[in-house]
Amino acid sequence: MGLPALDEFPVALWARLTARRWRRDGAALLGYTDARGYPPLREAIARYAVTARGVRCTPDQVVVVNGAQHGVDLLARVLLDPGDAAWVEDPGWWPVRAAVRAVGARPVRVPVDAGGLVVAEGERRAPDARLAFVTPSYQAPLGAVLSLERRLALLAWAGRAGAWVLEDDYNGEYRYDAPPLPAVQGLDRAVHGDAGRVVYVGSLSKTLAPGLRLGYLIVPPALVEPLRQARGASDLHTAVPEQAVLADFLAEGHFARHVRRTRALYRRRQACLLALAPRLTHGLLELRPTGAGMQVLGLLPDGVDAAAVARAAAARGVVVTPLAAAAPGAAPHEATGGRGGLLLGFAAFGPEATRAALETLGRVLREAAAALPPARRR
Ligand SMILES: Cc1ncc(COP(=O)(O)O)c(C=O)c1O
């Protein structure tokens with residue numbers, strides 16, 4: 001699964017920072033705060049996003065949310081009216097389509113290829129869309145990085161159409177084959193200045209832990225007030241004590257260190273998976289590593305059903321995600337040539353667990369391949 005290594009989370013340090021905050025601030029952590037979030041956390045997030053992700057912003061533009069999914073839901077409500085079209089990646093992250101539909105707007109599927117979202121196709125299908133959702137650092141779930149040419153084309157279209165671009169910087173920190181690319185948001189500020197069209201969506205779910213439910217939006221100046229009102233009207237704000245601890249964790253450099261350490265660890269773990277998989281899965285899984293993220297896509301032989309393989313593996317204690325489950329309803333696409341695919345998570349598992357899981361998966365794949373009609377066997 002695309003989970004980070006939760007056993008690498010610095011629990012003792014987090015507990016120390018939490019105790020220190022309560023000792024120092026006590027009841028001062030128990031009142032209301034700005035709907036955009038606890039001010040010291042917004043400052044720490046802005047500093048991090050500027051230095052580490054190439055975002056251009058002030059703390060004023062930061063809105064703390066309970067994870068990316070919450071942020072997307074909030075943005076759909078603020079930016080879309082019933083009947084509006086919104087580009088969504090195909091295949092892509094299903095909560096986006098759900099958020100678009102929930103406000104009565106219309107998700108328009110735009111295909112992705114090795115260069116990420118096919119912007120020209122989006123323009124052809126819905127030139128007047130109000131919004132485009134994109135995962136430029138790591139296309140979810142296939143892993144492509146949005147090319148510079150497409151980034152510029154997307155911004156040019158957004159400027160012409162007066163549309164918003166939702167940049168979900170999913171896995172932005174976890175690139176192994178090259179330095180991480182800076183965010184599209186920074187490029188947008190260079191192109192459009194204060195009239196920026198990009199809303200940056202950040203999450204701590206992959207860099208720290210999904211159970212914390214902490215994320216942030218960095219919005220253009222024109223959207224600060226609408227977002228503050230919408231955030232206040234929904235659940236007012238995220239709990240202050242957790243925000244205060246995260247502010248210290250960021251400001252004191254622990255976050256940057258944790259990301260550096262886990263990036264090196266995940267690079268090794270991916271290399272281990274890639275080295276072991278061909279032999280242990282008997283050549284029945286064609287891996288498509290992307291040099292980024294926490295999962296590798298493996299394509300199955302023609303005719304082997306990904307859902308059935310995943311069920312059989314789960315029955316033996318190994319969890320793999322069929323591509324179709326990660327992106328339900330996606331049309332057969334260029335990336336797989338219509339073949340079934342499995343997403344294999346590697347970040348959360350050391351070498352022994354990876355080897356054992358691949359041995360089990362290899363047995364399941366052999367059985368599935370043997371059950372194919374003779375003409376389809378390889
Ligand atoms: C594309 C994408 N963006 C963001 C996230 C993080 O979501 P959240 O912050 O709501 O946990 C995920 C989680 O799997 C994801 O798949």
Under 3.5 Å donor-acceptor pairs involving side-chain atoms of residues 342-364, not counting sequence neighbours:
residue	atom	partner	partner atom	Å
Thr354	OG1	Gly350	O	3.1
Thr360	OG1	Ala356	O	3.2

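- Residues Thr238 and Leu214 meet the side-chain proximity criterion, which asks for heavy atoms closer than 4.5 Å.
- Considering only heavy atoms from C-beta on, Arg125 comes within 4.5 Å of Pro111 through its side chain.
- Within the 3.5 Å criterion, the main-chain N or O of Gln185 finds a donor-acceptor partner in the side chain of Glu167.
- With rounding to the nearest 0.5 Å, the separation of CG in Asp169 from OH in Tyr216 is 7.5 Å.
- For Gln61 (side chain) and Val219 (main-chain N/O), a donor-acceptor pair under 3.5 Å exists by modelled atom type.
- Follow the hydrophobic side-chain contacts under 4.5 Å out from Val100 and you reach Val78 in the same cluster.
- No side-chain heavy atom of Tyr170 sits under 4.5 Å from any side-chain heavy atom of Pro136.
- Glu173 and Pro180 make their closest contact through O-CG, 4.2 Å (heavy atoms, listed as atom of the first residue, atom of the second, distance).
- Proximity of a side-chain donor or acceptor of Arg197 to a complementary backbone N or O of Leu155 within less than 3.5 Å is not detected.
- Hydrophobic clustering places Val63 together with Val96 (ILVMFWY residues linked when any side-chain heavy atoms are closer than 4.5 Å, directly or through intermediates).
- Under a 3.5 Å cut-off, the side chain of Arg231 and the backbone N or O of Val64 do form a donor-acceptor pair.
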message = Run the side-chain contact (heavy atoms from CB on, under 4.5 Å) test on Val309 and Asp305 for me, step by step, so that the C-alpha distance in whole Å, both residues' side-chain angles and the decisive distance to 0.1 Å come before the verdict.
response = CA-CA 6 Å; Val309 170; Asp305 177 19; over 6 Å; no
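- Between the Gln243 side chain and the Tyr38 main chain, a donor and an acceptor come within less than 3.5 Å of each other.
- No chain of hydrophobic side-chain contacts below 4.5 Å, direct or via other Ile, Leu, Val, Met, Phe, Trp or Tyr residues, connects Ile218 to Val224.
- For the pair Ala46 and Val62, the tightest heavy-atom approach, listed with the atom from each and the gap, is CB-CG2, 4.1 Å.
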key: Stepwise side-chain contact (heavy atoms from CB on, under 4.5 Å) test for Phe133 and Trp164   = CA-CA 9 Å; Phe133 175 85; Trp164 299 106; over 6 Å; no
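- At least one donor-acceptor pair closer than 3.5 Å links the side chain of Arg339 to the backbone N or O of Leu300.
- Looking only at side-chain heavy atoms (C-beta outward), Val296 and Arg288 stay at 4.5 Å or farther from each other.
- Legend: salt bridge (Lys or Arg N to Asp or Glu O under 4.0 Å) pairs involving residues 289-301, not counting sequence neighbours: none detected.
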task = Starting from the C-alpha separation in whole Å, work towards a yes-or-no answer on side-chain contact (heavy atoms from CB on, under 4.5 Å) for Lys206 and Met294.
result = CA-CA 9 Å; Lys206 301 291 160 177; Met294 299 184 172; 3.8 Å; yes
task = Decide yes or no on salt bridge (charged side-chain N to carboxylate O under 4.0 Å, His left out) for Asp188 and Arg56, but give the supporting numbers first.
result = CA-CA 9 Å; Asp188 177 46; Arg56 295 208 211 167; over 6 Å; no
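- Cluster partners of Val145 are Leu181, counting Ile, Leu, Val, Met, Phe, Trp and Tyr whose side-chain heavy atoms approach within less than 4.5 Å, directly or via other members.
- For Glu123, the side-chain contact (heavy atoms from CB on, under 4.5 Å) partners two or more places apart in sequence, or in a different chain, are Trp87, Val119, Trp157, Arg160.
- Using a 4.5 Å heavy-atom threshold, the side chains of Ser205 and Pro4 count as separate.
- Across all their heavy atoms, Ala222 and Pro226 have their closest contact at O-CD, 3.5 Å.
- Partner of Glu89 under the side chain to side chain donor-acceptor pair (under 3.5 Å) criterion, chosen from Gln139, Arg97, Arg109: Gln139.
- Taking every heavy atom of both residues into account, Gly116 and Ala144 meet most closely at N-CB, 3.7 Å.
- Leu284 CG to Glu286 CD: the interatomic distance, rounded to the nearest 0.5 Å, is 11.5 Å.
- A donor-acceptor distance shorter than 3.5 angstrom exists from the side chain of His237 to the backbone of Thr33, with no hydrogens or angles considered.
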task = Would you check, one step at a time, whether the test side-chain contact (heavy atoms from CB on, under 4.5 Å) holds for Leu208 with His258?
result = CA-CA 8 Å; Leu208 285 180; His258 182 69; 3.6 Å; yes
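- Under the 4.5 Å side-chain contact rule for hydrophobic residues, Leu187 and Val55 do not share a cluster.
- Under the 4.5 Å side-chain contact rule for hydrophobic residues, Trp93 and Val201 share a cluster.
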Using distance only, find each side-chain donor-acceptor pair of residues 7-17 under 3.5 Å and give its atom names and separation, not counting sequence neighbours.
residue	atom	partner	partner atom	Å
Glu8	OE1	Arg261	NH1	2.9

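- Side-chain atoms of Asp84 come within 3.5 Å of backbone N or O of Asp81 as a donor-acceptor pair.
- With values rounded to the nearest 0.5 angstrom, Asp34 atom CG is found 9.5 Å from Leu236 atom CG.
- Test Thr135, Val88, Leu217, Leu79 against Leu166 for side chain to side chain contact (heavy atoms under 4.5 Å, CB included) and you get one pass: Leu79.
- Using a 4.5 Å heavy-atom threshold, the side chains of Val112 and Val118 count as separate.
- In this structure a side-chain-to-backbone donor-acceptor pair under 3.5 Å is present from Arg42 to Pro59.
- Aromatic pair Tyr174/Tyr138: ring centres not closer than 6.0 Å.
- Arg53 is listed as a side-chain neighbour of Ser137, based on a closest heavy-atom distance under 4.5 Å.
- Crowding of Glu149 atom CD: a count of heavy atoms from other residues, nucleotides or ligands under 6.0 Å not exceeding 12.
- The CZ atom of Arg77 sits 5.5 Å away from atom CG of Leu74, with the distance rounded to the nearest 0.5 Å.
- Between atom CG of residue Asn66 and atom CG of residue Leu204 there is a gap of 11.5 Å, rounded to the nearest 0.5 Å.
- Distance check: His192 NE2 to Asp194 CG gives 12.5 Å after rounding to the nearest 0.5 Å.
- Using a 4.0 Å cut-off between charged nitrogen and carboxylate oxygen, Arg150 and Asp113 count as a salt-bridge pair.
- The shortest non-hydrogen separation linking Val108 to Ala85 is CG2-CB, 3.9 Å.
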request  = Run the numbers on Arg47 and Glu252 for salt bridge (charged side-chain N to carboxylate O under 4.0 Å, His left out), then give the verdict.
outcome  = CA-CA 12 Å; Arg47 205 169 312 121; Glu252 293 170 23; over 6 Å; no
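- Scanning both residues, Leu299 and Gly341, for their nearest heavy atoms gives CD2-CA, 4.2 Å.
- Looking only at side-chain heavy atoms (C-beta outward), Asp248 and Arg20 come within less than 4.5 Å of each other.
- Environment of CZ in Arg366: sparse, with no more than 12 heavy atoms of neighbouring residues, nucleotides or ligands closer than 6.0 Å.
- Ion pairing of Asp177 with Arg267 is absent here, as no side-chain N (NZ or NE/NH1/NH2) approaches a carboxylate O to less than 4.0 Å.
- For Tyr176, the ring pair (Phe, Tyr, Trp, His ring centres under 6.0 Å) criterion is met by no residue, not counting sequence neighbours.
- A donor-acceptor pair under 3.5 Å is formed between the side chain of Arg151 and the backbone N or O of Leu146.
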